[in-house]
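Note on naming: letters A, B, ... go to the chains in the order of the sequence lines (proteins, then strands), and numbering restarts at 1 for each one.
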Number of protein chains: 2
Amino acid sequence: MEFNQLYMFSKACEYGIRASIFIATKSSEGVRVGIKDVSKEIDSPEPFTAKIMQILTKNGIIASAKGVGGGFEVSKEAVKSIKLIQIVDAIDGNTIYKGCGIGLKECSETHPCPVHNEFKKIRELLLTMLTNTTLEELASGVNSGDFHLKILNKNE
Amino acid sequence: MEFNQLYMFSKACEYGIRASIFIATKSSEGVRVGIKDVSKEIDSPEPFTAKIMQILTKNGIIASAKGVGGGFEVSKEAVKSIKLIQIVDAIDGNTIYKGCGIGLKECSETHPCPVHNEFKKIRELLLTMLTNTTLEELASGVNSGDFHLKILNKNE
DNA sequence: TTAATTAAAGATAAATTTGTCTTTTAATAT
DNA sequence: ATATTAAAAGACAAATTTATCTTTAATTAA
């Protein structure tokens with residue numbers, strides 16, 4: 001019925017976040033995972049996910065190793081320090097929480113657009129949340145079974 | 001540097017909001033405006049903006065009249081009752097504030113994704129803001145000169 | 001009634017995002 | 001060294017969003 005179907009993040013970013021969380025959960029078990037396992041677990045197209053992984057590794061969010069026994073991982077130190085905002089910035093940029101709500105080139109406190117003040121709190125809350133949320137807390141929530149990356153089967 | 005460049009709303013929605021506000025300001029002066037004036041004022045592509053206007057008129061947000069002296073307008077009653085959420089829903093749908101933050105099909109209080117609680121407040125705030133913001137307050141802010149739809153020239 | 005005006009509708013095209021496939025590079029195991 | 005494994009890189013294709021163009025329908029003015 002509507003013209004578009006817009007989510008908070010792009011598909012690429014959704015895959016990136018889900019992949020990062022899954023890899024982090026596996027790294028906490030000391031296991032590297034290949035792209036095949038990643039895309040299978042997070043239910044995403046494998047080649048496209050591979051592209052996203054390249055961005056994440058280039059940005060130092062995920063580490064990768066080629067060859068036998070290779071795959072993706074997040075180090076014990078990295079998983080603590082990496083924030084959600086790093087993943088979002090690398091894939092979708094910062095315009096979701098920095099840009100003007102209605103797309104004006106110039107929009108600031110001194111020259112605000114009509115929705116500037118209405119969006120202020122939302123932008124701030126989004127920025128704060130992304131800045132404060134660590135990959136570790138997201139991964140540990142999945143590890144503990146409190147949060148999910150996919151729909152559970154009946155027998156799980 | 002980043003992979004995408006994602007804003008809060010689609011271009012279509014940005015144009016739709018800007019157009020609605022501009023038309024409302026003109027309607028408060030009792031003046032109908034044509035698509036040419038609209039796209040010129042809000043700095044948007046004319047034919048594409050025309051498409052967006054069709055969506056807004058179909059959804060009863062903007063009224064239109066064909067022929068000489070025709071154009072777009074918002075009635076005095078409508079401008080008071082129309083909320084930002086109606087424009088967003090008509091163009092971008094409700095997924096920005098209803099959908100899962102990382103795109104899971106199933107994501108709820110009983111089966112939450114890892115970022116479910118983090119996104120909760122943001123979704124709620126966004127929904128509240130969109131639901132409470134009227135076209136009238138946005139338009140009157142522009143009328144009073146407090147808020148802007150475009151960059152001012154030196155001599156204005 | 002005819003001409004002029006303006007939005008609506010439909011077809012088409014460009015740009016961007018998403019998704020796929022093939023080749024290359026790097027690491028490990030034998 | 002050679003074969004195998006797995007990510008990186010690059011080329012390509014499909015889908016979606018954005019943008020344009022043309023024709024039609026409705027309204028007003030003469």
Side-chain angles (χ1 to χ4, degrees), chain A residues 2-19 23 26 31-40 42-74 90-93 95-96 103, chain B residues 2-19 23 26 31-40 42-74 90-93 95-96 103:
Chain A
E2 65 273 356
F3 190 71
N4 288 329
Q5 171 97 340
L6 203 86
Y7 285 81
M8 187 74 83
F9 300 125
S10 68
K11 280 278 159 215
C13 196
E14 289 178 357
Y15 298 155
I17 296 171
R18 273 148 59 187
I23 294 163
K26 283 299 183 180
V31 181
R32 273 192 193 138
V33 276
I35 187 63
K36 209 161 188 165
D37 294 320
V38 172
S39 61
K40 197 175 167 190
I42 70 168
D43 190 32
S44 67
E46 193 186 312
F48 189 59
T49 310
K51 288 287 172 203
I52 309 303
M53 294 315 302
Q54 288 175 26
I55 294 165
L56 295 178
T57 54
K58 273 178 193 156
N59 282 271
I61 295 161
I62 303 289
S64 72
K66 290 181 180 178
V68 178
F72 299 98
E73 67 179 313
V74 192
I91 301 172
D92 280 352
T95 41
I96 185 103
Chain B
E2 65 274 356
F3 190 71
N4 287 330
Q5 171 96 341
L6 204 84
Y7 285 81
M8 187 74 83
F9 300 126
S10 69
K11 281 277 159 214
C13 196
E14 290 178 355
Y15 298 155
I17 296 171
R18 271 148 60 188
I23 293 163
K26 283 299 184 180
V31 181
R32 274 192 192 137
V33 277
I35 186 63
K36 209 161 189 166
D37 293 320
V38 172
S39 61
K40 197 175 167 190
I42 70 169
D43 190 30
S44 68
E46 194 187 311
F48 189 59
T49 309
K51 286 290 172 205
I52 308 304
M53 294 315 302
Q54 290 175 26
I55 293 166
L56 295 178
T57 54
K58 270 179 195 156
N59 281 273
I61 294 161
I62 302 290
S64 72
K66 289 181 180 178
V68 179
F72 299 98
E73 69 180 312
V74 193
I91 302 172
D92 280 351
T95 41
I96 184 103

**OP:** Using whole Å, report how far NZ of B:Lys66 lies from P of D:dT28.
**Re:** 12 Å

Original post:
So what does B:Val38 hit on the nucleic acid, given a heavy-atom distance under 4.0 Å: a base, only sugar-phosphate, or nothing?
Top reply: nothing

Subject >> Options C:dA7, D:dA29, D:dA6, nucleotide nearest the side-chain atoms of B:Phe72 >> reply: C:dA7

**OP:** For D:dA6, take OP1 and OP2 only and decide whether either is under 4.0 Å from a side-chain N or O of A:Ser64.
**Re:** no

Original post:
Which whole-number value in Å describes the distance from B:Arg32 CZ to D:dA26 P?
Top reply: 17 Å

Original post:
Where each residue is assigned the nucleotide of DNA chain D containing its nearest heavy atom, which of A:Lys58 and A:Gly70 is assigned the position nearer the 5′ end?
Top reply: A:Gly70

**OP:** To the nearest 0.5 Å, tell me how far A:Lys51 NZ sits from A:Ile91 CD1.
**Re:** 14.0 Å

Subject >> Length of the CG-P vector between A:Asp37 and D:dA7, whole Å >> reply: 9 Å

Original post:
Whole-Å distance between C:dA7 P and B:Asn59 CG?
Top reply: 18 Å

Original post:
Which value, rounded to the nearest 0.5 Å, describes the distance between A:Arg18 atom CZ and A:Thr49 atom OG1?
Top reply: 8.5 Å

Subject >> Distance (rounded to the nearest 0.5 Å) between A:Ile61 CD1 and A:Met53 CE >> reply: 9.5 Å

**OP:** Using whole Å, report how far CG of A:Asp43 lies from C1' of C:dT18.
**Re:** 15 Å

Original post:
What's the spacing between A:Ser39 OG and A:Phe48 CZ if we round to 0.5 Å?
Top reply: 12.5 Å

Original post:
What's the CD1-C1' distance between A:Ile55 and C:dT17, to the nearest Å?
Top reply: 12 Å

Subject >> Passing candidate, side chain to side chain contact (heavy atoms under 4.5 Å, CB included) with B:Met8, options A:Thr95, A:Ile96, A:Leu6 >> reply: A:Ile96

Original post:
Hey, does the side chain of B:Thr57 come within less than 4.0 Å of C:dA7's phosphate (OP1/OP2), counting only N and O?
Top reply: no

Original post:
Rounded to the nearest 0.5 Å, how far does CZ of A:Phe72 lie from CD1 of A:Ile23?
Top reply: 6.5 Å

**OP:** Find the distance A:Lys36:NZ to C:dT20:C1' and express it as a whole number of Å.
**Re:** 15 Å

Subject >> Nucleotide-resolved protein contact map, nucleotides 10-20 of chain D, B/S/- at heavy-atom distance under 4.0 Å >> reply: BB-----SBBB

**OP:** Quick one: do B:Phe9 and A:Asn4 satisfy side chain to side chain contact (heavy atoms under 4.5 Å, CB included)? Show the steps, please.
**Re:** CA-CA 10 Å; B:Phe9 300 126; A:Asn4 288 329; over 6 Å; no

Original post:
What is the distance, rounded to the nearest whole Å, between atom CE of A:Met53 and atom C1' of D:dA9?
Top reply: 16 Å

